[in-house]
Chemist: 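Please see the structure below; I have some questions.
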Amino acid sequence: MDHAVHAPEELGVDRERLESLRGRVRHAVDKGPLPSVQMALARRGKLVLFETFGAADNDTRYTIYSCTKPVVASALWKLMGEGRIDITRSVADYLPPFGENGKESVTVEQVMCHTSGFPDAPMGDPDWWDSQSRLAKMATWHLQWEPGTQVVYHPTSAHWVLAELVSAVAGVDYRDYVNGEILDPLGLAALRVGGQAATQHDVAHLSHVGEPPGEEELQALFGQSVNWPDTRDDSLLRFNEPEVRALGVPGGGAVSSAADMALFYQALLANPDGLWDQAVLDDAIGTVRVDYPDPIPGAPANRGLGVVIAGDDAYLSYRGMGDKVSPRAIGHQGVGGQVGWGDPVTGLSFALFTNGLDANPLRSARLCAAASNRAGACVERSW
């Protein structure tokens, strides 16, 4: 892919609106508390913006947390198009140990759509380091509710299953498959799932920053006094460890530049060289498979097959891409304010990453929404 930054006029992007986006993100870093923020905007397969603010530069890569999920899902799409995975079949057909403890009927589709019923199933030390141990741990998992009856976000458990599916069906480690069969053909060398310590020198160090929202801010938002807990989670800092980065946690452990994430979404919009079967890709990113209410935002989940679809209802702004994208936009957020999305109608794609885990999630959400809104407004609406 073309990593040069092109003039806005060349790509039909409004220069003044692009400057508004740049100014909003620069202001967030200047005002604090984020140590750095990197963002990129692309259209027609080319970058129109790639900039880093704060204590980093454009050679820096970031831990992208759950923005990893569509990247892993895209490996499943390729295997589906080759007829090697049928998402209507049970996971246990491919991974027999998974079927223990009443999980034998859970389908691949349910796992990809967060309706599979084991959102809190644990996977960590010492089980996550090799495939045999991961499968043994999966055999001990129990269902928390009947699969297919509701959607509850599976932060990491579902994508460990998807990673093992890729490894079993492709016959190679999931990291090698995602990197070698998806990202390398697209020329996205900065976007990696896993990677040895020697290749990690350019990854920004993660840190907790800021303080939880104060009483005045909460009163203004909710109209009453709210007891807000301190949500800082030290487990997120494990992604500073070289061994954990090398593991490539499939639900949240990839690293990338904002440029490569924006270009990844350009690839989903254009399918260069037919990397994916077009019918499979169209269905995966264009069909809402799950509209159960998501208990986190309280809105219909609008889940495609590994991505969130913006939709045309009153809950557009709840889905992490702002409210200036078209109903067909697809994307995914990550903890701490990471976001990546692409819009088939405008042709825009956008990514924003930071290495500062803000203890005030309201401020983090405002930045994510404001940046996405300004990015989405860089071309005129046509819907």
Chemist: Should F53 and T354 count as side-chain neighbours, where that means a heavy-atom distance under 4.5 Å?
Modeler: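 Heavy-atom side-chain distance check fails, nothing below 4.5 Å.
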Chemist: Would you call the rings of H114 and H154 parallel, tilted or perpendicular if under 30° counts as parallel and over 60° as perpendicular?
Modeler: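 Taking H154 first and then H114, their aromatic rings stand perpendicular (interplane angle over 60°).
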Chemist: Suppose we screen for salt bridge (Lys or Arg N to Asp or Glu O under 4.0 Å). Which residues come up paired with R238, at least two apart in sequence or across chains?
Modeler: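 In terms of salt bridge (Lys or Arg N to Asp or Glu O under 4.0 Å), with neighbours along the sequence ignored, R238 is linked to D125, E241.
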Chemist: How far apart are the closest heavy atoms of Q200 and Q196, and which atoms are they?
Modeler: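 Taking Q200 first and Q196 second, the nearest heavy atoms are CG-O, 3.4 Å.
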Chemist: Does the plane of the ring in F353 sit parallel, tilted or perpendicular to the ring in Y62? Use 30° and 60° as the thresholds.
Modeler: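 Plane angle between 30° and 60°, so tilted.
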Chemist: So, does E380 use its side chain to make a donor-acceptor pair with the main chain of T346 at under 3.5 Å?
Modeler: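 Looks like no, no N/O pair under 3.5 Å.
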Chemist: Charged N to carboxylate O under 4.0 angstrom, E181 versus R84?
Modeler: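 Not counted as a salt bridge, because no side-chain N and carboxylate O are separated by less than 4.0 Å.
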Chemist: Got a sec, which residues hit side chain to side chain donor-acceptor pair (under 3.5 Å) with R24, two or more places apart in sequence or on another chain?
Modeler: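 Listed in chain order: nothing, the list is empty.
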Chemist: What's the spacing between I64 CD1 and M261 CE if we round to 0.5 Å?
Modeler: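 Result: 3.5 Å between the selected atoms.
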Chemist: Quick check: does any side chain N or O of N360 sit under 3.5 Å from a backbone N or O of L362, one acting as donor and the other as acceptor?
Modeler: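 It does hold such a pair.
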Chemist: Should the pair W341 and F350 be assigned to parallel (<30°), tilted (30 to 60°) or perpendicular (>60°) ring geometry?
Modeler: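 The arrangement is tilted - the two ring planes meet at 30° to 60°.
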Chemist: Closest heavy-atom contact between G194 and N179?
Modeler: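 Distance-wise, the nearest heavy atoms are O-ND2, 4.1 Å.
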Chemist: I'd like to know if E19 pairs up with R15 as an ion pair, taking the criterion as any Lys NZ or Arg NE/NH1/NH2 lying under 4.0 Å from an Asp or Glu carboxylate oxygen.
Modeler: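 Looking at R15 together with E19, the answer is no, because their closest N to O distance does not fall below 4.0 Å.
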Chemist: Say whether, by atom type as modelled, one donor and one acceptor occur between the side chain of N240 and the main chain of H205 under 3.5 angstrom.
Modeler: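 No; zero donor-acceptor contacts below 3.5 Å.
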Chemist: Quick test of your reading of the model: are K324 and D343 salt-bridged, counting only N-O distances below 4.0 Å?
Modeler: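 Salt bridge absent between K324 and D343.
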